[in-house]
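What follows is one structure encoded as structure tokens, with my remarks underneath.
First the proteins, then the strands, lettered A, B, ... as listed; each starts at 1.
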Amino acid sequence: MRYSKLFIPTLKESPAEAEVISHQLMVRAGMIRQLAAGIYSILPMGLRVLRKVENIIREEMNRIGGQEVFLPSIQPAELWKESGRWDFYGKELLRLKDRHDREFCYGPTHEDVITDILRKEIKSYRQLPVLLYQIQTKFRDEVRPRFGMMRGREFMMKDAYSFHAGEESARETYQDTATAYSNIFRRCGLEFKKVEADSGTIGGNLSHEFMVLANSGEDAVAFCDSCDYASNLEKSEARDPVPENDETAAQDLKEVATPGKKSVEEVCQFLSVPSKALVKTILFDTDQGLVAALVRGDRQVNAVKLKNLLDVEWAQPADEKLIAQKVGVPVGYVGPVGLKLKIYADREVALMKSMIVGANKPDAHFTDVQPGRDFKIEKPGDVRLIEENEPCPRCADGKYGVKRGIEVGHIFVLGTKYSSALNATFLNDQGKENLMVMGCYGVGVGRTAAAAIEQNHDDKGIVWPLPIAPFQVVVMPVNYSTDSVREASDHIYKTLWDQGIDALLDDRSDRLGVKFKDAELIGIPLQIIVGPKNLDSGQVEVKIRKTGESRLVPYPDFSGEIRNILNDL
RNA sequence: CGGGGCGUGGCGCAGCCUGGAUAGCGUACCUGACUGGGGGUCAGGUGGUCGGAGGUUCAAAUCCUCUCGCCCCGACCA
């Protein structure tokens, strides 16, 4: 393709609203333009990249037996009501009405539609398993879209769904998909980690995320520096606590005045004790009502782990208004002693011999409080957030590290959540009706491209990994109006094109400096610079974007060498 | 949804506090000449009615009210 004919609106400066580097560079490189919050138009340069990512995904999904489909983006409300998600999904689900006032939604995900198809068409275990996928636009009305294509409302996603006669088959496909995903992200040139994840509102009991490590990531990833345990921070387990060897005799519970001291820090300073001597009582609102969670003063509650311990649909920290209304104690002085709520304590707290807690009245705390003696723990569990450098729960010597990550893929074994809601059954080999076991698997296409930029850029612009670069090579004539230069450039360009190499010919009349700047901004992996002097000595210059390294290769005998260089990239 | 910020040619910004004549600068774009290995030089040009509506005033980009949009932090989230 000739640069002069292409629509590549590059910018010298980033728009003020672009915060993260991938967003800035995508706009500057003429890949995308914003239409509304979280909604982007994809321009030719951007689409070339997305298509390459998609094709890698297709190849790897096909390799494990996936079959591509294309499902409707607009879906009738009835189906969502039947699965129970019309109400459960909340405001993130974009709802609309047609001219007959019938309710529809724009699909944020497609479990409901695909399960509806399969329940109608699959009758026998002989037809299972089935793995179907699609690459399509999703819409999720995110409260706060941000970071360009990293978290858009409308976005391109590969979503796959599998149906099985049993759990074992589902786990096999789950593993196959995990392998496919590793291949996809490796081929996209990404450094990633597969981590254990919470399955969240999608449901199910086995789930991993594929995280690209980058500072701009919205998730935190915890991983062991010794074994291969890695997990999303919201899922990360703490090691079993060891009981304290406290020899001091048990004291009676005492009330102490702590006027105006609300925070852990204030109370501990006031009483001259370390923060781990105190226990925080955090109230959570859940679909099963208000509960109390207890963690040590120096710890944080992990709401996801708490939610799983409670086995509830949702759990969120109660706001002050709710606490005042239900408990009547100001925040900061709530404690477990005499509290008329179910109390869930972190295992650490359950093992403590003595602690300081709020006294359930303003300006007072209790000291020498003992679990069991002074209050009852409904259920102890692992409900705290882990911290960097604390011991790994899975091996003897490992320590936790924590890094930021971008979630580019997520896989789930769903079990029968959707098949039971939508009654998707089949006859097993005994002739008995069974629920299908399902799995689902997603890759964010645009997010993968954005993540690739986050990991591969420098101060000049994008440094595309070769497999997803919009063009592999750019031919840059120093002056296209010089006959010898033009002829050589055209010839090189045509030869590359004939060999199936994505080449771009920068035939613009601009000076070479302009061409360098754009080629670097757009991130084309290889530049071939055609100048009169080198041409006279039978050579052209080849420059590698990533390293800046440049070398001369013979002309007109260039193609073997170019191919070698491309192979090495 | 809470907090903060911003809307002025395509992009980046100044002007607003303290109202005043043709709304300014850089860049981009167009024309011509020169130049031709790192966003080149010179000259001449095109393009905005200041997010929108209403108000105050002799006079509004500037002051007031309402409204829309965008961004950031938080809450939220496959």
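- Rounding to whole angstrom units, CD of residue E13(A) and C1' of A28(B) are separated by 10 Å.
- Distance, L35(A) CG to G69(B) C1': 12 Å, rounded to whole Å.
- Taking a cutoff of 4.0 Å between a charged side-chain nitrogen and a carboxylate oxygen, R545(A) and D458(A) qualify as a salt bridge.
- Between the C1' atom of C73(B) and the CD atom of E17(A) lies a distance of 17 Å, rounded to the nearest Å.
- Nucleotides U8(B) and C16(B) place their C1' atoms 11 Å apart, quoted to the nearest Å.
- Across all strands, A197(A) comes closer than 4.0 Å to no nucleic acid atom at all (heavy-atom distances).
- Between Q34(A) and G69(B) there is no side-chain polar atom (N or O) within less than 4.0 angstrom of OP1 or OP2.
- The partner of U31(B) is A43(B), judged by Watson-Crick or G-U wobble contacts that both fall below 3.5 Å.
- Across K235(A), M211(A), E407(A), a single residue satisfies side chain to side chain contact (heavy atoms under 4.5 Å, CB included) together with V221(A), and that is M211(A).
- Heavy atoms of A18(A) sit nowhere under 4.0 angstrom from any nucleic acid atom.
- As rounded to the nearest Å, G24(B) and C71(B) have P atoms that lie 31 Å from one another.
- With respect to R551(A) and E549(A), a salt bridge is recorded, a charged nitrogen being found less than 4.0 Å from a carboxylate O.
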Restricting to nitrogen or oxygen on both sides, can you table the protein-nucleotides 29-39 of chain B pairs closer than 3.5 Å?
from   : atom 1 : to      : atom 2 : distance (Å)
U35(B) : O2'    : R511(A) : NH2    : 2.9
U35(B) : O2     : R511(A) : NE     : 3.2
U35(B) : O2     : R511(A) : NH2    : 3.0
G36(B) : N2     : S509(A) : O      : 2.6
G37(B) : O6     : N534(A) : ND2    : 3.0
G37(B) : N1     : E541(A) : OE1    : 2.8
G37(B) : N2     : E541(A) : OE1    : 2.2
G37(B) : N2     : E541(A) : OE2    : 3.2
G38(B) : O6     : K543(A) : NZ     : 2.1
G38(B) : N1     : E520(A) : OE2    : 2.8
G38(B) : N2     : E520(A) : OE1    : 2.3
G38(B) : N2     : E520(A) : OE2    : 3.1
G39(B) : O2'    : K12(A)  : NZ     : 3.3

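- Aromatic ring pairs are classed by plane angle as parallel below 30°, tilted from 30° to 60° and perpendicular above 60°; the pair W80(A) and Y89(A) is perpendicular.
- To the nearest whole angstrom, the two C1' atoms, one in A23(B) and one in G48(B), are 9 Å apart.
- Heavy atoms of P9(A) sit nowhere under 4.0 angstrom from any nucleic acid atom.
- For the C1' atoms, the distance linking C50(B) with C13(B) amounts to 14 Å, nearest Å.
- Between D483(A) and R486(A) there is a salt bridge, since at least one side-chain N of the basic residue sits less than 4.0 Å from a carboxylate O of the acidic one.
- Rounded to an integer number of Å, the gap from CE of M150(A) to P of C72(B) is 11 Å.
- Mapped onto RNA chain B by nearest heavy atom, K91(A) and G148(A) fall at different nucleotides, with K91(A) at the one closer to the 5' end.
- E387(A) has a carboxylate O that lies under 4.0 Å from a charged side-chain N of R299(A), or vice versa, which qualifies the two as a salt bridge.
- Figure legend. G36(B) is base-paired to no nucleotide; pairs are counted as Watson-Crick or G-U wobble with both atom distances under 3.5 Å.
- Of the P atoms belonging to G40(B) and G26(B), the separation is 15 Å, rounded to the nearest Å.
- Regarding R144(A), its CZ atom lies at a distance of 8 Å from the C1' atom of G74(B), rounded to whole Å.
- The C1' atoms of G55(B) and G9(B) are separated by 28 Å, rounded to the nearest whole Å.
- Comparing C29(B) with U46(B), their C1' atoms are spaced 8 Å from each other, to the whole Å.
- When heavy atoms are screened at a 4.0 angstrom cut-off, E218(A) is found touching no nucleic acid atom at all.
- Here the P atom of nucleotide C76(B) and the CG atom of D219(A) are 14 Å apart, to the nearest Å.
- Between I39(A) atom CD1 and G69(B) atom P the separation is 12 Å, expressed in whole Å.
- Taking only side-chain nitrogens and oxygens, R146(A) never comes nearer than 4.0 Å to OP1 or OP2 of C71(B).
- When heavy atoms are screened at a 4.0 angstrom cut-off, S14(A) is found touching the sugar-phosphate backbone but no base atom.
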### Task
I would like to know whether S83(A) and F88(A) meet side-chain contact (heavy atoms from CB on, under 4.5 Å); could you show each step before the answer?
CA-CA 10 Å; S83(A) 72; F88(A) 188 71; over 6 Å; no

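- A14(B) is unpaired under the criterion used here, namely a Watson-Crick or G-U wobble arrangement in which both key atom distances are under 3.5 Å.
- Across the strands present, G74(B) finds its partner in C1(B); the criterion is a Watson-Crick or G-U wobble pair with both atom distances under 3.5 angstrom.
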Using a cutoff of under 3.5 Å, can you pull out all pairs of nitrogen or oxygen atoms linking the protein to nucleotides 41-45 of chain B, with atom names and distances?
none

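- Remark: R144(A) does not engage E218(A) in a salt bridge, criterion side-chain N to carboxylate O under 4.0 Å.
- Nucleotide G48(B) forms a pair with no other nucleotide shown, judged by Watson-Crick or G-U wobble geometry with both contacts under 3.5 Å.
- A cation-pi arrangement is present between R48(A) and F471(A), with the terminal nitrogen or guanidinium carbon under 6.0 Å from the aromatic centre and inside a 45° cone about the axis.
- Look at the P atom in both U62(B) and G52(B): the space between them is 10 Å, to the nearest Å.
- With a cut-off of 3.5 Å on both Watson-Crick or G-U wobble distances, the partner of U56(B) is given as none.
- Closest to the V143(A) side chain, of the nucleotides G12(B), C71(B), C1(B), is C1(B).
- Across all strands shown, G9(B) forms no Watson-Crick or G-U wobble pair with both key distances under 3.5 Å.
- At whole-Å resolution of the value, CZ in R151(A) and C1' in C73(B) are 15 Å apart.
- Remark: K417(A) is not positioned above the aromatic ring of F412(A), lacking an NZ or CZ atom under 6.0 angstrom from the ring centre and at most 45 degrees off the axis.
- Aromatic ring orientation, Y174(A) versus Y441(A): tilted (interplanar angle from 30° to 60°).
- In this structure, Y480(A) reaches neither bases nor backbone, as no heavy-atom distance under 4.0 Å exists between it and the strands shown.
- A cation-pi arrangement is present between K193(A) and F223(A), with the terminal nitrogen or guanidinium carbon under 6.0 Å from the aromatic centre and inside a 45° cone about the axis.
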